[in-house]
Structure formats: C-alpha cells, structure tokens
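Down below is the structure, laid out as structure tokens.
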2 protein chains.
Amino acid sequence: MISTRTSQPDVIAALEDAGLRITGQRRQVVAAIERRDGGFSAEDIAGELEGVGRATVYRTLKLLVKADVLCKLALPDGTPMYSPSRLEHHHHSVCTSCGAVEEFRDTTVERFLRSLTREIEGEIVGHRMEVFIRCLSCLGSSSS
Amino acid sequence: MISTRTSQPDVIAALEDAGLRITGQRRQVVAAIERRDGGFSAEDIAGELEGVGRATVYRTLKLLVKADVLCKLALPDGTPMYSPSRLEHHHHSVCTSCGAVEEFRDTTVERFLRSLTREIEGEIVGHRMEVFIRCLSCLGSSSS
DNA sequence: CTGATAGTTGATACTTACTATCAATAACTT
DNA sequence: AAGTTATTGATAGTAAGTATCAACTATCAG
C-alpha cells in the first residue's frame with residue numbers, strides 16, 4: 001500500500017517543527033493548495049487569495065517546496081507549475097494539453113541513479129524528472 | 001563508439017534544410033555556442049555578441065533547440081541553462097556549484113519510459129531529466 | 001496578561017528571461 | 001538586378017519572481 005501524506009494539520013505541524021510561525025496567511029496558502037489537485041501557478045494562488053500579498057504567496061510556496069509538501073515542476077517550455085505532493089518519493093507526468101498532473105512512484109529511476117553513481121564523476125545531489133503526456137481526455141477530445 | 005555531432009557546417013546545413021535563411025547573425029550565434037562547452041545563459045551569448053541583437057539571440061537559440069543541436073536545461077531553482085548537444089540521445093548532469101554540464105547516454109531511462117507506457121494512462125510525448133551533481137573539482141575545493 | 005523580541009507581511013520597485021511589434025533590412029529566387 | 005519574403009533590432013511588454021524595509025504580529029518570558 002502506498003503511503004499518502006499532506007493533510008492540512010500535518011503541513012502546519014511541519015512548518016512549526018521547522019521553527020516557522022503559523023500565520024493566517026500561511027494557513028490560507030496551505031488550505032488553497034490542499035484544495036487543488038492538478039497543476040497550478042503561483043499567480044493562480046495569489047489571485048485566489050485576495051487577502052494575501054503576492055510576495056507572501058511566493059515566499060510561502062517556496063517554504064512548502066522546501067518542506068517537501070509541494071512540488072515545483074515545469075512544462076516543456078520551462079513555464080513553472082506547482083503541484084501538491086502526496087507520495088513519499090515520486091515523479092510527475094504532466095499533460096501538455098490540459099496541465100493535469102499525476103504523481104507516480106518509481107523504482108526504476110532510483111535504480112538508474114544508483115547505476116549512475118558509478119558512471120558519473122562527482123557526487124549526485126539531486127535530480128529532476130518529468131514525463132510529458134497527452135492524457136486520455138485530451139486524446140479523446142482532440143482533432144488530430 | 002559513441003557518435004558525436006554538431007560541427008558548425010552541419011548545424012548551418014540543418015538550418016538550411018529546415019528552409020531557414022543563413023544570416024550572419026545566425027552564423028555568429030552558432031559559432032558562439034560551438035566555442036562553449038559547459039552551460040551558459042542566453043544573456044552570456046547576447047553579451048558576447050555585441051553586434052547581434054538580444055531578440056535575435058533568443059530567437060536563434062530557440063531555433064537551435066528545436067533543431068536539436070542545443071539543449072535547454074534548468075538548475076534546481078529553475079534558472080534556464082543552455083548546453084550544446086553532441087550526443088544523439090542523452091541526458092545531463094549539471095554541477096550545482098560551477099554549472100559544468102556533462103552529457104551522458106542512457107538506456108535505463110529509455111527502459112523506464114517503456115515500462116511507464118504500461119503504467120500511465122495517456123500517451124507519452126516527451127520527458128525531461130536532469131541529474132544535479134557536485135563535480136570533482138568543486139568537491140575538492142569545497143570547505144564543507 | 002503584558003511586554004519584548006524577532007519572525008512575517010505587503011507595497012513597491014527591481015530583476016531575469018523572454019516575447020510581441022513593426023518598420024527597415026537582407027537572403028534567396030528568377 | 002529586382003522582387004519577394006524571411007529576418008533583424010529597437011523598444012516595450014509579460015511572466016515569474018526577489019529585494020527592501022517599515023509596519024505588524026506570533027510566540028516567549030515573566
């Protein structure tokens with residue numbers, strides 16, 4: 001069974017544990033991302049939360065990414081997208097038509113990275129992997 | 001033996017084949033990226049080529065990426081980096097300290113993608129993968 | 001509960017990495 | 001050589017943030 005995470009109180013607790021203050025604005029941003037499922041932009045959140053300043057939204061998203069409860073990914077052209085993170089260690093598939101994001105766990109990439117450890121000179125400190133797809137509903141409703 | 005590509009005349013020929021005009025500016029941009037080896041930014045090139053307009057540099061880099069002779073990658077924070085592409089199908093390791101870029105071919109990722117085809121609903125249309133490292137010289141000269 | 005203290009906020013201005021516009025220019029075509 | 005059409009570059013604009021800093025407020029110590 002796959003472990004899921006990221007219920008709102010947990011996120012708040014994680015921020016507390018990191019020695020950060022629990023402000024109304026941070027609660028609002030956390031609540032806003034909990035409500036979302038696919039990908040979204042920082043401006044989406046900033047627009048939705050009229051009462052929270054843009055700078056605070058960006059700062060909070062950055063905190064949440066660092067706290068590992070939010071993923072920052074990118075479309076093929078580099079446009080950034082955020083997506084709530086619910087699986088422990090995972091990667092993403094992003095539909096290039098509608099922006100739907102799915103998480104998937106994988107072990108193949110982990111195996112791959114272990115084998116790279118032998119090939120690459122230097123120390124591996126991280127990686128990024130995104131798979132771009134056309135999701136079923138976009139395939140279905142497409143003209144081509 | 002691994003096939004290498006991207007000698008200057010080839011790139012120019014590729015642009016011609018695509019029905020594009022060979023202008024002095026495009027030659028200059030191609031020459032500039034040929035001279036480089038690690039990662040660089042569009043502004044690096046624009047700064048180096050005083051005689052070529054910024055817009056043209058950006059446009060040409062985009063063409064070269066589409067022509068598959070240049071890769072656009074990103075640092076962990078999303079900052080874009082360009083790197084000349086010399087291997088047929090490859091991924092990159094990027095040193096997060098000095099920005100050095102290495103290309104490596106891989107088959108594991110390809111295998112991984114094939115297995116994903118069975119797991120993922122929808123059609124895989126692309127992927128992005130970057131491995132972030134600390135290269136040997138940065139490890140050597142580091143305080144930590 | 002009451003300050004004190006130090007982390008947070010938000011308005012604003014700035015930065016980076018581009019993209020759109022459009023008149024002027026230069027490559028290919030014949 | 002002339003015409004056609006892609007390309008260029010100056011400029012202005014956009015997207016996604018980040019820096020600044022005075023005002024604010026969570027949290028702690030008493």
Side-chain angles (χ1 to χ4, degrees), chain A residues 9 11-33 39-67 70-83 94 99 128 130, chain B residues 11-33 39-67 70-83 94 99 128:
Chain A
V11 175
I12 298 297
L15 293 180
E16 268 184 323
D17 290 352
L20 298 167
R21 291 187 180 168
I22 308 309
T23 65
Q25 290 91 330
R26 286 179 180 167
R27 281 183 199 282
Q28 287 183 69
V29 173
V30 170
I33 78 158
F40 56 85
S41 69
E43 293 297 329
D44 289 340
I45 302 293
E48 183 183 329
L49 301 178
E50 282 299 334
V52 182
R54 267 168 37 84
T56 299
V57 169
Y58 278 98
R59 281 188 288 238
T60 306
L61 291 182
K62 193 177 233 182
L63 285 176
L64 295 175
V65 169
K66 202 178 312 183
L70 183 66
C71 291
K72 185 179 183 179
L73 19 113
L75 298 179
D77 69 350
T79 305
M81 278 187 74
Y82 294 88
S83 172
V94 183
R128 183 209 325 272
E130 283 134 29
Chain B
V11 176
I12 298 298
L15 293 180
E16 268 183 324
D17 291 351
L20 298 167
R21 290 183 182 172
I22 307 308
T23 64
Q25 290 91 331
R26 285 179 180 167
R27 281 184 199 283
Q28 288 182 70
V29 173
V30 170
I33 79 158
F40 55 86
S41 69
E43 293 296 329
D44 288 340
I45 302 293
E48 183 183 328
L49 301 178
E50 281 299 335
V52 182
R54 269 167 36 86
T56 299
V57 169
Y58 279 98
R59 281 187 289 237
T60 306
L61 291 181
K62 192 177 234 184
L63 286 176
L64 295 176
V65 169
K66 202 178 313 182
L70 183 65
C71 290
K72 184 179 184 178
L73 18 115
L75 298 180
D77 70 349
T79 305
M81 277 187 75
Y82 294 88
S83 173
V94 183
R128 183 208 327 271

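Reminder, nothing fancy here: chain letters follow the sequence lines and each chain counts from 1.
Atom CD1 of Ile12(B) and atom P of dT7(D) are 13 Å apart (whole Å). Rounded to whole Å, the distance from NZ on Lys66(A) to C1' on dG17(D) is 15 Å. Note: CG (Leu49(A)) to P (dT9(C)) measures 12 Å, nearest angstrom. Protein atom CD of Gln28(B) is 12 Å distant from nucleotide atom P of dA27(C), rounded to whole Å. When rounded to the nearest whole Å, the span between CG of Leu63(A) and P of dT18(D) equals 11 Å. Rounded to whole Å, the distance from CG on Asp44(B) to P on dT16(C) is 12 Å. Put simply, CZ on Arg26(B) is 19 Å from P on dT25(C), counting in whole angstrom units. Following rounding to the nearest Å, Tyr58(A) (OH) and dT9(C) (P) show an atom-to-atom distance of 16 Å.
A search for side chain to side chain donor-acceptor pair (under 3.5 Å) contacts involving Arg54(B) returns Glu43(B), not counting sequence neighbours.
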Derivation and outcome, side-chain contact (heavy atoms from CB on, under 4.5 Å), residues Tyr82(B) and Val65(B): CA-CA 9 Å; Tyr82(B) 294 88; Val65(B) 169; 4.1 Å; yes
Mind running side-chain contact (heavy atoms from CB on, under 4.5 Å) on Phe40(A) and Ile33(A) for me, showing each step along the way? CA-CA 9 Å; Phe40(A) 56 85; Ile33(A) 78 158; 3.7 Å; yes
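Of all the residues in residues 73-82 of chain B, Thr79(B), Pro80(B), Tyr82(B) reach under 4.0 Å from DNA chain C with at least one non-hydrogen atom.
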How does protein reach along nucleotides 21-30 of chain D, written 5' to 3' as B (base within reach of a heavy atom under 4.0 Å), S (only sugar-phosphate), or - (no contact)? ----BBS---
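Counting any heavy atom pair closer than 4.0 Å across all strands shown, Gly19(B) reaches no nucleic acid atom.
Between the base of dG17(D) and the side chain of Arg54(A) there is a donor-acceptor pair shorter than 3.5 Å.
With dT8(D), dT18(D), dT19(C) as the candidates, the nucleotide lying closest to the side chain of Lys62(A) is dT18(D).
Taking CG from Leu63(B) and OG1 from Thr56(B), the interatomic distance works out to 10.5 Å, rounded to the nearest 0.5 Å.
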